[in-house]
> 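Let me begin by handing over the structure; questions about it come next.
What you are looking at is a predicted structure, and each value in this text was computed from that prediction instead of being measured.
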Amino acid sequence: MISKALEELFAGSSFAEISLDSKNIYRRLEPPKDPKMGNYAFPLFEAAKILGKNPNEMNRQLTEIENRLARGEKEFSCLTFQAVGGFNNVLIDGVALAQETIHTILNAGNDYGSSKDGQRKNIVIDFSSPNIAKPFGVGHLRSTAIGGSLYRIFRKLGYTPVGINHLGDWGTQFGKMIVAYRRWGDDAALRTNAVRYLYDLYVRFHKEEETDPGLSEEARQAFKAMEDGDSETLALWQKFKDLSMAEFNKVYDMMGVHFDYQTGESFYNDKMEAVIERLMKAGLAEVSEGALVVDLSRFNLPACLLRKADGATLYATRDITGILYRWETFHFEKALYVVGSAQHDHFRQVFKVVELLEEAESLPPSEQISPRLFHVEFGWIKFQDEVMSTRLGNIIFLEEVFAKAIALAREKILEKNPDLKDIDRVARQIGIGAVIFADLSTRKEKDVNFDWSKVLNFEGETGPYLQYTHARLSSLLRHYGNMVKPDIDFRLLHHPEEERVIEFLYRFPMVVVEAASIYDPNVIGAYLLGLASAFNKVYQRKDASGRIDKILSDDEALTAARMALVSSVRTVINEGLSLLGIEAPEEM
RNA sequence: GCCCCCGUAGCUCAGAGGAUAGAGCAGAGGUUUCCUAAACCUUUGGCCGCAGGUUCAACUCCUGCCGGGGGUACCA
């Protein structure tokens, strides 16, 4: 609504002369550095240069026209234009903005920012995807947290997300596990702490492999036996898988993560042959050095291996098969692979093979899959500047991280709010929220150094800070006791601190869209920190006498107006946290 | 060698053509007769890796270099 008015104004002005249409202008609008200068600024330097005019002079003339147009027949306008140097600034009337925004939020509740843009189209999100028989380390946190959040974000935007946990439950490493277990394994030890025990075996295997190269060959044979359907080997594999899943599911429950399908790599075992044949028929596959490959050298990529010299398949084979299967099953609008950047080339290869297949089969555009495939990559989690590696054995278990964070949260509650009911539940919400937020608070492509002191910090830019702000807002609503109503006097929300909060609230729907478009929940996290901080400044704002200007006061109209704002902020923080997969306690 | 990502305050990170480069943590000082101080205010701290180029305007775009990380055919 406001943007439309802006477009009309600019288009109606002398900009027509230099063929800047309204859309063009709108794209160039930017928020001024100092919010006092207005809500939007339009830089005139470029236009002035084309016209050969002085930007300052031109700006003055333009502003005059704009303000006359804005006022029109009416006595006042909610838009005011100002010339500041070469920047044409627009001030939006705070009262109009407050009314529009708060009305919308109070009506919509947690649906504020939701849309039907997705038209229920399927978005396949492949995330988490841990390897069976390996510990769920903090390294898996990123994929799980980012993927889980994208799931919620796309659902909010009207898509039908399809969450798939592409478990690493097939491949050569199982040959290793099986050999290790047969040599050194003990069933009783396995039963007591399965993943930990398998992990120790795995580390031991790699250590002994260095001095005993025969182990590698033995492992290869064991995996081949699995692929050939050897029942005794498969029974062992199934046991590892069941025990691992039981532990992974504990983590998913804690994080509130949901999958629609837990179809791992083994799911594609009986589907790969047809795909390989299809690729051969298309003339893409060739034998090289005994292996079956798709040559990609003209794309400056290494060849994509479909089958090893011994006939066994590789993960690329399974991923290609997975893509084709998912396409047939879901006819997705997009398929996102939330996987670390170490697999950048792998996905380029796999996507390229799919693209080549489409070309070879001359599929119509509506049947083309490759433009819909996206690798949502993220950086490593390192520890003390070292890559964490299952093989090296320097993994930090995610459960351990959660346990420590929850214990600390509990400690803080006992110190600050010992009478709180349901302390265990709230401690879990805070502890897990802290860990998830710490992970989502870095732009995803950066490597992050796992730092206990950062994860276990509940102050500043953290999950608990947001939760605390939410608890404060909830507390205000409890104290207020009345229904929050939208028919308030919006002129009473006139302090700069309040206007700043309203601008944040107004932006929320755009922030959700932005997060979805770059596949990064961090956008929402950063936004929430800004909103919470803005609100806390309202909360602790001091009046002229140096006293805190309280939200709840004897002035009924003023209190009602402020509580409408409080309720709106609470709704947006609550919903924003929920999009990140973080719970928002009412009290803490 | 080739390809990809990252270099911004002591630390962790925002900013991705525009006005004086921002937060948090850590350091210094302050705010509570309590609407939850897990907060708020003040303050110290910057050749935005280096060098060129494009532009009215570059932390932002282009080229080269340096530093870190990753990938580079039978692991995932």
Side-chain angles (χ1 to χ4, degrees), chain A residues 28 30 32-34 37 41 43 45-46 48-49 55 84-87 89 129 131 134 168 170-173 175-176 220 223 265 288-293 300-310 312-316 318-319 339-346 348-349 377 379-380 382 385 387 390-391 409 412-413 415-417 420 430 434 438 441-443 445-449 451 453-454 457-469 471-480 522 526 529-530 532-533 536-537 539-542 546 548 550-553 559 562 566 587-588:
Chain A
R28 284 161 212 252
E30 56 195 55
K33 273 277 148 68
D34 183 348
M37 294 186 149
F45 307 103
E46 196 183 341
K49 199 196 173 196
V84 182
F87 287 90
N89 295 341
S129 309
N131 286 324
K134 287 195 197 171
W170 205 252
T172 314
Q173 84 267 21
K176 295 178 183 174
R220 222 181 342 264
F223 176 57
E265 296 189 51
S288 165
E289 296 172 38
L292 189 68
V293 307
N300 207 4
L301 281 170
C304 181
L305 269 84
L306 299 174
R307 228 207 286 265
K308 298 198 275 188
D310 68 1
T313 57
L314 286 111
Y315 75 128
R318 292 186 278 275
D319 272 341
V339 183
S341 57
Q343 297 194 41
H344 180 90
D345 281 0
H346 163 70
R348 280 182 65 201
Q349 290 178 68
E377 58 185 311
W380 288 92
K382 297 191 276 185
D385 284 320
V387 171
T390 313
R391 296 184 188 191
K412 298 247 176 190
I413 293 169
E415 170 194 323
K416 292 161 192 283
N417 194 0
L420 181 67
I430 295 169
S441 62
T442 298
R443 226 173 70 229
E445 54 269 21
K446 284 208 178 189
D447 290 351
V448 301
N449 215 348
D451 182 353
S453 69
K454 197 187 171 196
N457 174 28
F458 295 172
E459 286 165 24
E461 298 177 330
T462 64
Y465 171 73
L466 297 175
Q467 290 170 317
Y468 176 73
T469 307
R472 237 182 195 177
L473 289 154
S474 304
S475 170
L476 282 168
L477 287 161
R478 278 196 304 277
H479 282 276
Y480 183 49
N522 170 247
L529 289 173
S533 163
N536 281 319
K537 282 172 191 168
Y539 186 84
Q540 294 190 145
R541 206 187 120 261
K542 288 179 178 168
I548 301 262
K550 293 193 177 172
I551 289 177
L552 300 169
S553 70
T559 303
R562 290 178 174 181
V566 164
E587 288 180 71
M588 61 189 269

> Using Watson-Crick or G-U wobble geometry with both distances under 3.5 Å, which nucleotide pairs with B:A38?
none
> When we call it a touch if two heavy atoms are under 4.0 Å apart, what does A:Phe458 touch: a base, just sugar-phosphate, or nothing?
base
> Quick check: do A:Gln173 and A:Asn131 have side-chain heavy atoms less than 4.5 Å from each other?
yes
> With respect to the side chain of A:Asn300, which nucleotide from B:A39, B:C3, B:G70 is positioned closest?
B:C3
> What's the closest nucleotide to the A:Glu265 side chain, out of B:A76, B:A73, B:A37?
B:A76
> Classify the nucleic acid contact of A:Ser288 as base, sugar-phosphate or nothing, counting any heavy atom under 4.0 Å across all strands shown.
base
> In whole angstrom, what separates A:Glu459's CD from B:G27's C1'?
15 Å
> Give the minimum heavy-atom separation between A:Thr462 and A:Asn457, together with the two atoms involved.
CG2-O, 3.3 Å
> In whole Å, measure the gap between the C1' atoms of B:C47 and B:U8 for me.
12 Å
> Mind listing the closest non-hydrogen atom pair of A:Phe458 and A:Ala434 along with its distance?
CE2-CB, 3.6 Å
> Tell which nucleotide pairs with B:C59, taking only Watson-Crick or G-U wobble pairs whose two distances are both under 3.5 angstrom.
none
> Tell me the partner of B:U43, counting only Watson-Crick (N1-N3 plus N6-O4 or O6-N4) or G-U wobble (N1-O2 and O6-N3) with both under 3.5 Å; none if nothing fits.
B:G27
> Any idea how A:Trp170 and A:Phe223 line up, ring-wise: parallel (<30°), tilted (30 to 60°), or perpendicular (>60°)?
perpendicular
> Testing the 3.5 Å rule here: is there a donor-acceptor pair between the side chains of A:Asn536 and A:Thr469?
yes
> Measure from the side chain of A:Gln173, starting at C-beta and using heavy atoms only, and say which of B:A76, B:C41, B:U12 lies closest.
B:A76
> Do you know the tightest heavy-atom contact between A:Gln540 and A:Ile548?
O-CD1, 3.7 Å
> Hey, does A:Leu476 reach any base, or is it just sugar-phosphate, or nothing, if we go heavy atoms under 4.0 Å?
base
> Given the C1' atoms of B:U32 and B:G69, what is the spacing between them in whole Å?
48 Å
> Report the distance from atom NZ of A:Lys412 to atom C1' of B:A38, rounded to the nearest whole Å.
7 Å
> Would you mind classifying the nucleic acid contact of A:Gln467 as base, sugar-phosphate or nothing, using non-hydrogen atoms under 4.0 angstrom?
nothing
> Nearest of B:C3, B:A39, B:A76 to any side-chain atom of A:Arg472?
B:A39
> Does B:C65 pair with anything, Watson-Crick or G-U wobble, both distances under 3.5 Å, and if so, with which nucleotide?
B:G49
> Can you tell me which nucleotide in B:C40, B:A76, B:A73 comes closest to the side chain of A:Ala303?
B:A73
> At 4.0 Å (heavy atoms only), tell me whether A:Ala471 reaches a base, stays on the sugar-phosphate, or touches nothing.
base
> Send over the distance from A:Asp345 CG to B:C2 P, rounded to a whole Å.
15 Å
> Could you tell me the separation between the CD1 atom of A:Ile430 and the P atom of B:A38, rounded to a whole number of Å?
11 Å
> Looking at every non-hydrogen atom in both residues, tell me the closest pair between A:Glu377 and A:Ser341 and how far apart they are.
OE1-CB, 3.1 Å
> B:C48 and B:G67: how far apart are their C1' atoms, nearest whole angstrom?
16 Å
> Please check the phosphate of B:A14 (OP1 and OP2 only) for any side-chain N or O of A:Lys446 closer than 4.0 Å.
yes
> Looking at every strand, decide which applies to A:Tyr539 at a 4.0 Å heavy-atom threshold: base, sugar-phosphate, or nothing.
base
> Between A:Tyr315 and B:A73, does any side-chain N or O lie under 4.0 Å from OP1 or OP2?
no
> Need to verify one output field. Residue with the more 5' nearest nucleotide on RNA chain B, A:His344 or A:Ser441?
A:His344
> A:Glu289 near the nucleic acid: base, sugar-phosphate alone, or nothing, with a heavy-atom cut-off under 4.0 Å?
base
> When all nucleic acid strands are considered with a 4.0 Å heavy-atom cut-off, which category describes A:Arg348: base, sugar-phosphate, or nothing?
sugar-phosphate
> If you measure from the C1' atom in B:C25 to the same atom in B:U20, how many Å do you get, rounded?
25 Å
> For A:Ile548, which contact category applies under a 4.0 Å heavy-atom criterion: base, sugar-phosphate, or nothing?
base
> Could you tell me how far apart A:Ile551 (CD1) and B:C34 (P) are, to the nearest whole angstrom?
16 Å
> Who is the Watson-Crick or G-U wobble partner of B:G17, with both distances under 3.5 Å?
none
> Given atom NZ of A:Lys542 and atom C1' of B:C34, what is their separation to the nearest angstrom?
14 Å
> Tell me: CD of A:Glu461 to P of B:G24, nearest whole Å?
6 Å
> What integer number of Å spans the P atoms of B:C4 and B:A39?
42 Å
> Kindly indicate whether the side chain of A:Leu529, heavy atoms from C-beta on, has any atom under 4.5 Å from the side chain of A:Leu466.
yes
> Is A:Leu529 touching bases, backbone alone, or none of the nucleic acid, heavy atoms closer than 4.0 Å?
nothing
> Say we look at B:A9 and B:A23: how far apart would their C1' atoms be, to the nearest angstrom?
11 Å
> In terms of side-chain heavy atoms of A:Leu314, which of B:C40, B:C75, B:U72 is nearest?
B:C75
> Determine the contact category for A:Ile413: base if any of its heavy atoms lies under 4.0 Å from a base atom, sugar-phosphate if only primed atoms, P, OP1 or OP2 are that close, otherwise nothing.
base
> Between B:C5 and B:G64, how far apart are the two P atoms, rounded to whole Å?
14 Å
> What heavy-atom pair brings A:His346 and A:Asp319 nearest, and what distance separates the two atoms?
NE2-OD2, 2.6 Å
> CD of A:Glu377 versus P of B:C3: gap in Å, rounded?
17 Å
> Which whole number of Å gives the distance between the C1' atom of B:A28 and that of B:G17?
38 Å
> Contact class for A:Arg562 vs. all strands (heavy atom < 4.0 Å): base, sugar-phosphate, or nothing?
nothing
> Base, sugar-phosphate alone, or nothing: which one does A:Lys416 contact when heavy atoms must sit under 4.0 Å apart?
base
> For A:Arg478 and for A:Arg318, find the nucleotide of RNA chain B with the closest heavy atom, then tell me which residue's nucleotide is more 5'.
A:Arg478
